[in-house]
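Each ligand, and each atom within it, is numbered from 1 in the order the structure gives. All values derive from a computational prediction rather than experimental measurement.
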Amino acid sequence: MLKGGYEIEDFKNIIGGSFLHRANQAGIKHIVTDSRKFEFREGSVFFALSGSRRDGHSYLQEMHGKGVRIFVVSSELGIPVLKNSTIITVQNSVMALQQFAAHHRSLFHIPVVGITGSNGKTIVKEWIYQLLYTDFHVIRSPKSYNSQIGVPLSVLLMDESHDLAVFEAGISRKGEMRKLEKIIKPTIGIFTNIGPAHQENFESLNEKIDEKLQLFMDCKTLIYCRDQENIHERIQSQLSKHTLLTWSKNHEANLKIISTKVTGKKTRITGQFEGKERVIEIPFNSPTSVENSCHLWLLLLHLDMSDEIIASHFTTLTPVAMRLEQLDGINGCVLINDVYNSDINTLTIALDYLKYLSKNKKYTAIVSDILQSGEEEENLYRRVAELLKSRGITRFIGIGKQLKSHAHLFSDLKATFYESTGAFLQNANKRDFAKENILLKGSRAFKFERIADFLQEKSHETVLEIDLTKMVENLNYIRTRLQSDTKIMAMVKAFAYGAGSYDVAQILEYNRVDYLAVAYADEGISLREDGITLPIMVLNPELSSYDAMIRYHLEPQLFSFRTLEYFTEALQTSTEARRYPIHIKINTGMNRLGFDFADLPKLAERILEIDVLEVKSVFSHLAGSDDQKFEAFTQQQIADFTKAADFLSDKLPNPFMRHILNSSGILRYPEAQMDMVRLGLALYGITTSLDFQGKLKPVSTLRTVISQIREIEPGEGVGYTPKMPVSEKTKIAVIPVGYADGLPRLLGNGGGNVLISNTAVPFIGNICMDMSMVNVTGIDCEEGDEVEVFGEHLDIYEMADHLQTIPYEVLTNISQRVKRVFIQD
Ligand SMILES: *Cc1c(COP(=O)(O)O)cnc(C)c1O
């Protein structure tokens, strides 16, 4: 934003809007698009964006309640009364936001680097920053803000102090890049590479390349790798008038790579540029790092930096961590460990996330010095202090010499300072942390993983990692199969299929599912106690829990006259004033719980007599939706259910929702989606329908590390009651996961595999209670190396097959002593 903000009148003209109301506001300083993560600051304007999934117009009142007085809306209808507010109407609020960003961009005449490609955008962007922050005052997209909304928000961060900007642009379908180009207007382009991502929305690879090339239409210089033949060919035919800067190992190019030599973790790259041989050394050894570095090398040469400076900058590159971990902390705390490179924009995002957590009402931020900011310290830490204050942080712990010497800036906060991570840990007491949400945000050098170890509840080396970003992608994929007004009930029973109830429920609430369902009342109660406010259905409401359910507003499924009568009685003796929402389950062939057809007349009659109930929904459950064999049976169930629901609908005065589809039902019978669907396993990235396995992303990965490696001689055996002596010298790795962690004994003696050094290796010997052994003969591995038991690279379907069971059982068997870590991009 401009330091002085924008006048409202100018702002209105820039976005081509008109005043629906004009009140007396000073000007615009902050843009807000997401009502969920927001703490009021003076001069905030809320853009009510209407996407396919949710409509910002539903949150106008809420934002007004939080203090916002300036709104941009794209509809005049149904706008609630917003006192003392300025309301600007536009045709399309997403386009208005983009238009505003494009205008803002046009005020700056500095080099702007635009990056696109299938992979590596964020790393290249972050590395540009690492290479150039000492020479330029760089503004860059926070995290991976590269979408139709993320790009304008990034560009709007530009202000008068910046002299170099770096933005990434990502697209998934045709027509999107033109819009991003208008906003970014790069002067220098980098095309990282092309791969299969999002290919389903394009007819050919060339069509996708052409779409991406739109970003560079107007830029002066374009950097790319000559060895990517299809990229090269499309650029030659379309952008030949640009200054093209290429690098190549095999062809003539501006930067000809002569050799790359890997020693240990480093790579030495020798190249020729403008007739002169030059060398850089990077502290990485993967081919991808070399590719990314070559793009950047060309950029630095293009910026006329000297070989000495270039070489010395490259040696300082550090890995780009791109995740946020959420875990259970000691004494009921929630721990957010944000390992992104530390800067003020990602600190803002992390604080907003922290404030979103509903579990505790206290918020502590532990933050290290922000290294490599390129900004004057006094200024930087004043901004940090203001940010913390604006986000209502209860307690601040600053770690590092810079923060400590600027402690005076934090006098309005409850703040303490330590010179180093070690100094903090020496003084810290676990009792000082209880029932609060704690953010850890440290620059890499501060090794905040030590603080994370100190503050987390279990520190067993075996963890079940749950990727919440992928879970949301699965949710969104499911949404593409549904009409926009079909509601989603997310099943979080059985500890969210083994993942962890609160954290999953919270991300689902955040992503606006409509309902949650749990198996037992106590699961629902603990979600309520942790601040989850979504309606919750209970699948097995036990008689003894009815009173507690009413107290915590949990909605039972009633499946028999007995449950109906007892629940009614509980309601009549409670203080509940309004009609209480319940759900009626119909048996259509599963033959588990539910009312039968013959029961329906009497059921309708009873419900009409009872004046304390409100039938919220009527539903049934499919018995064979994942199996082609049951196609006719499934259709019959759907037809029978419809008949039953029609019958009740005729008899009962109030309308109710209908639902029958579970995950595979949603995938295979979307025409039966009715008013709501009940989404379970697909959320966790798993489906037993082969057609859809590629579309969903596995969310859970069970990881551990090697405890010990040993070699045994021919004739020796492994573990308890060894079945078979080995016939040759055998290398064994011991891993700290056993049947008490939920690793079935059936996997022992070659019954299954784990992944070590990218190779599947078999279990050897019996699985023990807390440990197991695998055969790593011929595998390059060391003690402490990572082991994947199943998940990201090693299919859970395969393990389930080995065990002759289904993935549901494998997931829900992982014991509670295995620590859950939730990660997000
Ligand atoms: C578990 C469950 C679901 C979800 O099933 P998935 O196959 O995991 O999608 C839906 N409805 C009911 C009644 C359930 O018990």
Inset, instruction - Measure the CD-OG1 distance between Q557 and T563 for me, rounded to the nearest 0.5 Å. - result: 8.0 Å
Inset, instruction - Report the nearest protein non-hydrogen atom to atom 7 (O) of ligand 1: residue, atom name, distance rounded to 0.1 Å. - result: Y808 OH, 2.7 Å
Legend entry - For atom 15 (O) of ligand 1, the option (of H659, Q557, K493, M491) bearing the nearest heavy atom: K493
Legend entry - Carboxylate-amine/guanidinium contact D770 R817, below 4.0 Å: yes
Legend entry - Electrostatic pair E792:R703 at N-O distance under 4.0 angstrom: yes
Inset, instruction - Please determine if G680 has a nitrogen or oxygen closer than 3.5 Å to a nitrogen or oxygen of ligand 1. - result: yes
Inset, instruction - Indicate yes or no: does E565 engage R606 in a salt bridge with an N to O separation below 4.0 Å. - result: yes
Inset, instruction - If you have a sec, work out which protein heavy atom is nearest atom 11 (N) of ligand 1 and how many Å separate them, to one decimal? - result: R678 NE, 2.8 Å
Legend entry - Distance from atom 9 (O) of ligand 1 to nearest protein heavy atom, with residue and atom: S663 OG, 2.5 Å
Inset, instruction - Salt-bridge test for R820 and D503: reply yes if a basic N is under 4.0 Å from a carboxylate O, no otherwise. - result: no
Legend entry - From CG (D795) to CD1 (I686), nearest 0.5 Å: 9.0 Å
Inset, instruction - Examine Y510 together with Y356 and report whether their ring centres are nearer than 6.0 Å. - result: yes
Legend entry - Ligand-residue contact atoms, ligand 1 with L681, heavy atoms, under 4.0 Å: 6 (P), 8 (O), 9 (O)
Legend entry - Residue and atom name of the nearest protein heavy atom (relative to atom 12 (C) of ligand 1), distance in Å to one decimal: H621 CE1, 3.4 Å
Inset, instruction - Could you tell me whether some N/O pair between L539 and ligand 1 is separated by less than 3.5 angstrom? - result: no
Inset, instruction - List every atom of ligand 1 that sits less than 4.0 Å from any heavy atom of Y497, numbering the atoms from 1 in the order shown and giving each element. - result: 1 (C), 4 (C), 5 (O), 6 (P), 8 (O)
